[in-house]
Each structure stands twice: as structure tokens, then as C-alpha cells.
Number of protein chains: 2
Amino acid sequence: MSLEERKRMILESIIKDYVQTAEPVGSRAIVKKYDLKVSAATVRNEMADLEEMGYLEQPYTSAGRIPSQLGYRYFVDILMEKEHLSAEEIDLLRKIFMESINDWGEVVNRVGYFLAQLTNYTSFIIMPAMEVNQFKHLQIVPMEDNKALVIVVTDAGLIMHRRIDIPDTISPTELKSISQVFNKTLINRNVNEMKKSDLSYLRDKLNNRRILMDKVIETIDYLLNDTHDEKIIVSGMLNILNEPEFKDVDKLKRILSVLEEDEVLKDIIPSEVSKQVDIKIGAENRAKEIQEMSVVLTGFKGFGELGRIGVIGPIRMEYWKAAGVVESLSDMIEELIREKF
Amino acid sequence: MSLEERKRMILESIIKDYVQTAEPVGSRAIVKKYDLKVSAATVRNEMADLEEMGYLEQPYTSAGRIPSQLGYRYFVDILMEKEHLSAEEIDLLRKIFMESINDWGEVVNRVGYFLAQLTNYTSFIIMPAMEVNQFKHLQIVPMEDNKALVIVVTDAGLIMHRRIDIPDTISPTELKSISQVFNKTLINRNVNEMKKSDLSYLRDKLNNRRILMDKVIETIDYLLNDTHDEKIIVSGMLNILNEPEFKDVDKLKRILSVLEEDEVLKDIIPSEVSKQVDIKIGAENRAKEIQEMSVVLTGFKGFGELGRIGVIGPIRMEYWKAAGVVESLSDMIEELIREKF
DNA sequence: GTTAGCACTCTCTTATGTTGAGTGCTAAAC
DNA sequence: GTTTAGCACTCAACATAAGAGAGTGCTAAC
């Protein structure tokens with residue numbers, strides 16, 4: 001597993017060069033560019049060794065070498081040093097995020113946007129499913145024509161709403177009192193507790209408005225269930241258009257249609273995450289749809305659950321930068337949640 | 001301007017054939033496919049005429065003919081018959097839209113989705129800017145740690161909210177009473193009226209809570225201003241990947257980056273719309289970014305203002321289908337607004 | 001006015017060189 | 001034993017040429 005100094009140096013050079021140019025790297029090129037103290041012939045011998053060990057491969061006889069997936073793996077595990085955002089960059093971003101952010105979705109959108117911009121890959125953020133979301137406030141607002149709006153606010157700052165039909169015999173004041181009953185009984189309960197007993201209890205208590213109550217209960221259930229789904233935010237999908245490996249439209253189509261479908265993408269992105277940056281290179285991905293891509297991701301803690309944030313790009317990826325930026329922004333998103341919500 | 005019957009027939013055949021195959025159409029092919037009663041040579045003569053008149057062009061000497069933009073124009077204006085959705089399709093769609101739609105954004109998303117699916121082009125819906133949006137309800141909900149949530153509901157069913165900081169000396173009941181004052185004073189006022197006088201009047205009245213009032217007023221202003229922007233919903237962006245004219249990645253990149261940027265797209269889509277279906281073919285578009293595309297759109301009335309709905313696709317477009325579906329769905333969206341909101 | 005016939009044009013495909021980057025191997029140098 | 005120069009060899013990439021085929025435009029006959 002462990003390589004001699006020179007082999008490591010050569011492997012690293014080839015990877016950095018190839019990542020930059022997308023062209024197979026020749027022995028002469030390396031010697032020149034990183035002015036090694038040895039001749040091209042020596043490098044050639046080393047490269048032959050590295051190929052035999054599985055770290056490099058040749059597209060065809062007498063072309064230069066390109067890193068194999070194993071080569072990237074070795075690089076990522078042993079050689080690479082993450083390139084984090086600088087303190088100034090972080091400060092700048094923090095300022096941008098802090099201002100005019102009053103809504104959770106907005107924060108996520110922006111972080112995703114910058115993640116894509118800074119790495120030039122496609123970024124994704126998967127918001128944790130909120131199993132134990134706490135109920136904060138309910139409001140029933142009468143609208144025109146037998147309609148009312150049910151607004152539910154959770155302690156995580158999520159606001160959800162849904163229209164319902166109401167009997168035309170009911171008065172606004174009555175609606176208000178119903179809201180109040182709900183609020184008194186349900187405040188600070190989590191969804192599971194709520195489902196168990198409180199809702200049916202409420203229905204009995206307000207027996208005279210049974211039909212309406214059923215509707216409201218159903219609506220709350222519906223709305224809170226909604227937060228059980230993970231939400232995914234994707235940014236910079238079109239960044240992959242810049243990668244030469246996707247100059248073929250069919251390949252592009254395959255990849256883009258995966259990135260476009262939120263549901264597909266959610267399933268495809270590795271789900272066992274920790275707070276470590278995790279890197280899946282090409283075929284290391286379980287899902288076959290992205291075995292020609294690499295994923296760099298990490299978990300972040302938000303509202304008690306673990307969300308996922310990362311980028312998806314070509315196997316020929318600037319892993320050092322991607323890993324650094326993902327880590328920096330993951331920290332930042334955690335911090336934002338802690339401070340603002 | 002007016003062509004003889006046979007010339008029209010030939011022009012139409014060429015357009016239909018070319019739209020389908022994306023290959024130049026030869027004289028022999030037409031005679032066979034649409035079995036005309038004349039020989040290929042005759043057709044050739046007619047085609048030469050049509051070319052001279054500007055309706056057809058030849059990619060190179062001795063290739064078949066393709067329609068010119070003028071040719072499409074003639075077709076669209078004179079020859080074409082719109083292919084609307086059938087009554088059954090409309091019924092089916094109406095059912096789909098009706099169920100589980102409780103929120104305006106959801107309706108628009110779905111309509112956009114189907115428009116893209118049914119035409120195989122990229123669909124867009126531009127929601128009207130609501131100049132005279134009416135205020136229905138305000139609610140200030142206390143959250144943890146000196147935070148509160150300001151929720152504004154408009155009569156169009158739009159719900160907007162924003163977090164604000166509040167002084168820690170204020171009590172929940174006090175918040176409620178402030179809400180009530182706002183509600184009493186502002187209900188059913190439109191934004192412009194509101195701005196003029198009421199807000200500052202309110203501030204005076206609640207003088208003891210001046211700072212908080214300023215915040216709330218600012219927030220309302222911010223939220224209502226938000227609806228002044230047109231919202232654009234784009235669906236099926238990737239449909240253009242299927243068109244052979246965009247098999248070149250650079251061209252693709254140019255187009256996709258236009259479609260991706262909401263702000264750019266809003267500006268590019270023709271803004272003078274009526275309830276007629278309008279078709280802009282290639283260079284007829286003002287914006288140079290989409291002069292290699294065609295736009296089929298129409299206006300729809302929603303909340304008193306005119307929104308825009310349509311598709312954007314290659315010049316070699318199935319205009320008859322696009323125009324028909326756009327018209328059908330435009331009617332449907334109007335109907336949905338009328339009935340549900 | 002219509003049509004058959006035919007030479008002509010131009011793209012597209014396939015075949016054939018040519019070039020050049022880069023290798024692997026060998027033998028000499030360190 | 002390791003390193004290096006030298007050199008033949010390989011193979012993609014580019015250019016060029018030849019052939020095929022689709023489709024035209026024109027002419028002359030119907």
C-alpha cells in the first residue's frame with residue numbers, strides 16, 4: 001500500500017495534471033512541469049510500475065497515462081490535502097448569508113448556489129427528514145367563499161399551509177376559537193405524540209364541529225407528514241456541460257436526467273453519512289446511474305437530524321478543492337442553523 | 001402572398017416532413033409520401049418557385065429543401081390548423097389538477113409540467129406581477145428567543161412570511177393585539193393605498209411600540225413588494241437535448257444557460273401578449289439569445305393581471321401541436337384560477 | 001403545363017497516407 | 001543496482017483521395 005516517495009510524487013503529479021487538462025500525461029511532460037531531478041526514462045519506468053500496481057492506466061498503447069479509480073482512491077486517502085476556504089472567504093460568505101435571510105429555504109438555496117459556484121460542480125443539499133418536528137402554532141384564517149387557510153408553524157421555523165373548504169355556517173370567531181383549542185392542546189408536541197392521541201381527543205371535545213375538525217386534523221397530519229420527506233436542493237446542474245468527458249450529448253442526457261429528477265437523485269446519493277467528508281469515486285457508487293461520476297459529501301446536523309451536503313462531478317475531479325469547500329460550507333450551514341433557528 | 005393550391009400543399013408537406021425528420025426533403029420523397037398526382041419533376045419546379053419566393057431554402061446545391069423562417073411564418077399564419085387537446089384529455093387533466101391542489105404554486109407547477117410533457121418542448125409560465133394585491137390577514141407569531149414570524153395572507157391566496165427580531169420586553173398577548181390593529185385597519189386594502197397613508201398612521205397610533213411597528217411595517221412592505229416581481233416557472237428544460245439541432249454541446253450550453261437563468265428568461269420572452277396565441281419564429285424574437293429558437297405563447301388572465309404561458313423550442317417545431325396545447329392549457333389555467341381562487 | 005431523361009453537384013462514407021506524441025526496451029553510463 | 005540516452009515501434013488524430021448516392025436543374029418530348 002505504501003509507495004516510495006518518488007512514486008507518490010509522480011502519481012500526484014499525474015493526477016493533478018490530468019485533472020487540469022483532461023489529457024493523458026506523458027513522462028516528459030511531468031519532468032518538465034514539476035521539474036523532477038530525474039530523466040523521462042526513469043519516470044517512464046516508475047509509471048510502468050504504477051500501472052502494474054493498478055494506480056494508472058493507459059487509454060491505448062503508447063499514449064500517456066491517466067489515473068485509475070484506484071489511483072484516485074490512493075490520492076484521496078493518502079496524498080491529498082483538503083483546500084479549505086480561507087478565513088476571508090468564510091467571513092465574506094457568512095456576511096452574505098446573514099443578511100436578508102429570514103427563511104430556512106433561502107439559506108439552503110444560497111449555500112447550494114455558492115457550493116456550485118466555488119467548485120464548478122453540481123451541488124446538492126438534502127434536508128433532513130424531520131421525524132420529531134415540533135408543533136408551534138396553528139392558525140385558521142377565513143378566506144372568501146367557504147374557504148379557509150390552515151397555517152402550521154413548527155419550532156424549526158417551517159411554515160406550511162393548506163387551503164380547506166369550510167361549512168358556510170361557521171363564523172370567523174368560531175374559527176378563531178377552534179384555532180385556540182388546537183394551540184393549547186398541541187403546542188410543543190412532536191408529530192408522533194400528536195398522532196397517537198391528541199388529535200382524536202380534540203375531535204371529541206369539539207364534537208359540534210366534527211366535520212370541520214376532521215378536515216383540520218387531516219390537514220395537520222398532511223402538512224406534518226410533508227416534512228417527513230427529505231427535501232433536496234440542486235444547484236449548478238449545468239456545470240457538467242463544461243467537462244470535456246460529457247461533450248457527448250447522449251452521455252450528457254443520461255447524467256442530466258438523473259440530476260434533474262429529485263427523487264432519483266435522493267436515492268442515488270449515498271445515505272450513510274457522518275461528519276467526515278466522504279468521497280465516492282466512480283464505480284464505488286452503489287447506484288449504476290452515476291458510476292461515471294464522483295460524489296464528495298458530508299453530513300451536517302440540523303434540527304437534530306443529519307442532512308447531507310456535497311457535490312457531484314466527473315471522476316476527474318478536483319477532490320482537494322471539492323472536499324475542502326464542502327467541509328467549510330457544511331460547517332457554515334450548521335453554524336447558521338444553530339445561530340439563526 | 002396567396003399561393004396556388006398545389007404550392008401550398010407542397011409547402012405544407014415539406015414542413016411537416018422536415019419537422020418530423022430534421023432532414024432536407026427531396027421532391028421524390030414528397031410525391032411518394034403524400035402521393036401527389038404529379039411527378040417529381042413537377043414538384044421540383046414548384047419547389048424552385050417556392051425557393052425563389054423565399055419560403056424554402058437549400059442547405060447546399062442539390063440537397064433537398066428545408067423551410068425558411070418565412071416558410072414557417074406562412075405555414076403558421078395561413079396553412080396551419082391548431083391541434084387542441086381532446087375533450088377526454090382535458091377532462092383527465094382537469095381531474096388531475098383539481099385533486100390535492102390547495103396552493104397556487106402547485107397548480108402552476110403541474111400545468112407547466114404537463115405542458116412540457118405534452119409538447120416535448122420547454123414550458124414556461126410567468127405569473128403576473130400583482131400590482132393591486134389585496135391584503136387579507138396579518139399574523140405575528142412569537143417564536144423562541146426574541147424572534148417572531150410575520151405572516152401575510154393576500155386575497156389571492158398567497159401566503160408570505162418572514163422572521164423578525166422583537167424586543168424581549170414584549171409579550172405574546174401584546175403581539176396579538178398589534179396583529180389585530182393591523183388587521184382591522186388594513187384589511188382589503190391594496191398595496192398602493194396601504195403605502196400611502198395607513199402604515200404611518202398605524203405607527204403613530206401604536207406609538208408605544210414604535211420600533212416594533214417599524215419592523216412590522218417594513219416587513220409588510222418587503223413581503224408585498226415581493227409579489228411585484230413576476231415569478232417564472234420553467235419545466236422540461238432538458239427536452240431540448242432530444243432535438244438534433246442541439247447535438248453540439250456549445251450550442252446546447254448557450255441555450256440551456258439562458259433557460260436556466262430565470263431573470264434572463266423573463267426578459268427574453270415577449271412581453272406584449274394578448275389572449276391570442278402568439279408565435280415568434282427564430283429571428284422574429286427580439287432577444288438575440290434565442291434567435292435560433294421559436295416561442296409559442298399566450299396570455300392568461302389571473303388575479304386581474306395578464307400572465308404568460310408558452311413553450312420554447314427549436315425553429316423546426318410542431319407549431320400546430322404547440323399552439324393547440326398552449327391554448328388548451330392556458331384556458332385551463334384561467335378556469336382553475338376562476339374556480340379555485 | 002407536365003414529364004422523362006440525364007448530366008451535374010455536393011455531402012457523406014470509407015480507405016489510405018502521414019504526422020507526432022509517447023512508449024518500451026536495450027545497452028551504456030554512473 | 002540505478003539511471004539515462006537512444007531508437008524502433010504503436011496508435012490516435014489529422015489530412016487527403018476516391019467512390020457512392022441523393023437530389024437537383026435543364027432540355028426536349030409529350
Side-chain angles (χ1 to χ4, degrees), chain A residues 3-11 13-18 20-68 71 244-245 247-248 316, chain B residues 3-11 13-18 20-68 71 244-245 247-249:
Chain A
L3 298 178
E4 312 140 38
E5 182 59 23
R6 192 169 64 194
K7 279 198 174 57
R8 302 219 295 232
M9 168 103 192
I10 289 173
L11 178 56
S13 304
I14 290 177
I15 288 178
K16 293 231 162 177
D17 210 75
Y18 180 66
Q20 199 195 340
T21 63
E23 299 289 337
V25 187
S27 52
R28 230 179 92 82
I30 288 188
V31 175
K32 266 200 173 163
K33 200 156 183 177
Y34 300 87
D35 49 27
L36 302 195
K37 300 287 170 294
V38 293
S39 77
T42 310
V43 172
R44 271 203 293 284
N45 289 329
E46 298 283 38
M47 292 197 324
D49 289 353
L50 283 167
E51 181 169 6
E52 206 173 353
M53 292 185 233
Y55 295 128
L56 294 180
E57 47 197 38
Q58 255 176 321
Y60 50 86
T61 332
S62 86
R65 298 302 205 295
I66 64 176
S68 69
E245 30 270 272
K247 66 184 187 311
D248 173 53
R316 183 185 59 77
Chain B
L3 297 178
E4 314 139 38
E5 180 60 22
R6 192 169 64 193
K7 279 199 174 53
R8 301 219 294 232
M9 167 105 193
I10 288 173
L11 177 56
S13 304
I14 290 176
I15 288 179
K16 292 230 163 178
D17 210 75
Y18 180 65
Q20 199 195 339
T21 64
E23 299 288 339
V25 187
S27 51
R28 229 179 93 83
I30 287 188
V31 175
K32 267 201 173 163
K33 203 157 180 177
Y34 300 86
D35 48 30
L36 302 195
K37 300 288 172 291
V38 293
S39 77
T42 310
V43 173
R44 271 203 294 280
N45 288 330
E46 299 282 38
M47 293 199 321
D49 288 353
L50 284 167
E51 182 170 5
E52 207 173 351
M53 294 184 230
Y55 295 128
L56 294 179
E57 49 197 36
Q58 255 177 322
Y60 49 87
T61 332
S62 84
R65 298 301 205 297
I66 64 176
S68 69
E245 28 270 273
K247 66 185 185 313
D248 173 51
V249 178

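In what follows, chains are A, B, ... by sequence order, proteins preceding strands, each numbered from 1.
Distance A:I30 CD1 to C:dA21 P: 17 Å, rounded to the nearest Å. Taking atom CD on B:E52 and atom C1' on D:dC26, their separation rounds to 15 Å, with Å as the unit. Protein atom CG of A:L56 is 11 Å distant from nucleotide atom P of C:dG24, rounded to whole Å. Distance A:M47 CE to C:dA21 C1': 12 Å, rounded to the nearest Å. Whole-Å rounding puts the A:I66 CD1 to C:dT23 C1' distance at 15 Å. To the nearest angstrom, P of C:dG22 lies 12 Å from CD of A:Q58. In this structure, A:E46 atom CD and D:dT2 atom P are separated by 10 Å, rounded to whole Å. Rounded to a whole Å, the CG atom of B:L50 is 12 Å from the P atom of D:dG25.
The phosphate of C:dT3 has neither OP1 nor OP2 within less than 4.0 Å of any side-chain N or O from B:R28. Side-chain nitrogen and oxygen atoms of A:T61 include at least one within less than 4.0 Å of the OP1 or OP2 phosphate oxygen of D:dC11. The side chain of B:S27 contributes an N or O atom lying less than 4.0 Å from OP1 or OP2 of D:dT24.
Not a single donor-acceptor pair, N or O on each side, falls under 3.5 Å between the base of C:dT23 and the side chain of A:S62. Side-chain atoms of B:R44 and base atoms of D:dG25 include a donor and an acceptor less than 3.5 Å apart.
B:R44 contributes atom CZ, which lies 10.0 Å from atom CZ of B:R28 (distance to the nearest 0.5 angstrom). With rounding to the nearest 0.5 angstrom, the CD atom of A:E57 is 8.0 Å from the CD atom of A:E51.
Using a 4.0 Å heavy-atom distance criterion, A:T42 is classed as a base contact.
Counting heavy atoms from C-beta on, the side chains of A:I10 and A:L36 come closer than 4.5 Å. Using a 4.5 Å heavy-atom cutoff, the side chains of B:R6 and B:V38 are in contact. Looking only at side-chain heavy atoms (C-beta outward), A:D49 and A:E46 come within less than 4.5 Å of each other. No side-chain heavy atom of B:D17 sits less than 4.5 Å from a side-chain heavy atom of B:I30.
Minimum interatomic distance between A:G64 and A:Q58 (heavy atoms only, all atoms of both residues): O-CG, 3.7 Å.
Heavy-atom distances to DNA chain C give each of B:N45 and A:R65 a nearest nucleotide, and the one nearer the 5′ end belongs to B:N45.
In this structure, the nucleotide among C:dT11, D:dT3, D:dG25 sitting nearest to the side chain of B:Y60 is C:dT11. Out of C:dG24, D:dT4, D:dG25, the shortest distance to the side chain of A:A41 is found at D:dT4.
In the region residues 32-39 of chain B, proximity to DNA chain C at under 4.0 angstrom, judged on heavy atoms, holds for B:K37, B:V38, B:S39.
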